[in-house]
Amino acid sequence: MEGCDWPASTKRLRFGVWREGDVSLAISIWGDPEVTELTGGPFTMEAVAQRLAMEIENCRRYRFQYWPVFQLDGGALVGCCGLRPRDVKARIAELGFQLCRRAWGQGFATEAANGVIEWARERGFAALIAGHHPENLASRRALLRLGFSYTHHELYAPTSQLEPCYLLRIDGSDV
Ligand SMILES: CC(C)(COP(=O)(O)OP(=O)(O)OC[C@H]1O[C@@H](n2cnc3c(N)ncnc32)[C@H](O)[C@@H]1OP(=O)(O)O)[C@@H](O)C(=O)NCCC(=O)NCCS
């Protein structure tokens, strides 16, 4: 896809790029009420289609998205992991991951996020931010394991929750 770019494969995973025809793949992530329980779901099929369109648009405008992630062994969809814009001028993006239910608890979020962090570092990003629902302990553990540090709480509109936010500097500075 023109303008798009994606992280290199990791030990067990490869990244793809969302395309308009990927509706059924999108439904298996954002259409699953269990997967979206702590991120504002359940979502209607219309909302899933809008989310897919937004990811495609983000890739066109910013060269990144929440890329779809597949297992290298067998090719099954694992979920999505990637970036959305946060402060383009300051070279800061927001990192996130959402895995299909069958892929939880195998370290895939951490592995995919490390691939995304490497992609961002190579492209000169200054820092990444991330947040999670206060009850999402798996997400918290993954972010801490990736080296993120807690900074503050912030209102997350889709869940109307005050969520803990984290920062990871990737440009070598400690500011
Ligand atoms: C949250 C999510 C991304 C975690 O991905 P994952 O690949 O299952 O996580 P991992 O297997 O890498 O586990 C990460 C850590 O959380 C721990 N963990 C996993 N499930 C847990 C649970 N239910 N409660 C507490 N800790 C848990 C793991 O032991 C691991 O800890 P460690 O680093 O000390 O070993 C995944 O469960 C998911 O996609 N959930 C639905 C969507 C979502 O909530 N996305 C995040 C939005 S912020």
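Order of appearance sets the numbers: ligands from 1, and atoms from 1 within every ligand.
Compare L137, T36, T39 by their heavy atoms: the one nearest to atom 47 (C) of ligand 1 is in T39. Of the candidates E163, H132, R141, it is R141 that places a heavy atom closest to atom 17 (C) of ligand 1.
When distances from atom 40 (N) of ligand 1 to the protein are checked, a heavy atom turns up under 4.0 Å. Taking a distance limit of 4.0 Å, we find that atom 8 (O) of ligand 1 is approached by some protein heavy atom. Using a 4.0 Å threshold on non-hydrogen atoms, atom 1 (C) of ligand 1 counts as touching the protein. Put simply, atom 31 (O) of ligand 1 has protein non-hydrogen atoms near it, under 4.0 Å away.
For the pair C81/W67, no side-chain contact is recorded, criterion being any heavy-atom separation below 4.5 Å from C-beta on. Residues E135 and L38 are in side-chain contact: their nearest non-hydrogen atoms beyond the backbone lie under 4.5 Å apart.
The environment of R141 atom CZ is sparse: at most 12 non-hydrogen atoms of other residues, nucleotides or ligands sit within 6.0 angstrom.
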Using residues 47-54 as the side-chain source, report each donor-acceptor pair under 3.5 Å to any protein atom, sequence neighbours left out, with the distance given to one decimal.
| residue | atom | partner | partner atom | Å |
| --- | --- | --- | --- | --- |
| R51 | NE | E55 | OE2 | 2.7 |
| R51 | NH2 | E55 | OE2 | 3.0 |

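Using the six-membered ring where Trp is involved, F125 and W119 have ring planes that are tilted, between 30° and 60° apart.
At least one N/O-N/O distance between A109 and ligand 1 falls below 3.5 Å.
The G105 neighbourhood of ligand 1 comprises atoms 6 (P), 8 (O), 11 (O), with distances under 4.0 Å to a heavy atom of that residue.
Salt-bridge check for D171 with R169: passed, with a basic side-chain N closer than 4.0 Å to an acidic carboxylate O.
When non-hydrogen atoms are compared, ligand 1 lies under 4.0 Å from the side chain of N136 (C-beta onward) but not from its backbone. With a 4.0 Å heavy-atom cut-off, ligand 1 is reached by no atom of E111. Contacts with ligand 1 closer than 4.0 Å are made by no heavy atom of L38, backbone or side chain.
Distances shorter than 4.0 angstrom do not occur between any heavy atom of G79 and any atom of ligand 1.
For L13, the side-chain contact (heavy atoms from CB on, under 4.5 Å) criterion is met by T10, V69, Q71, V78, F108, E111, A112, not counting sequence neighbours.
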I would like to know whether L25 and W18 meet side chain to side chain contact (heavy atoms under 4.5 Å, CB included); could you show each step before the answer?
CA-CA 9 Å; L25 282 185; W18 289 112; 3.8 Å; yes

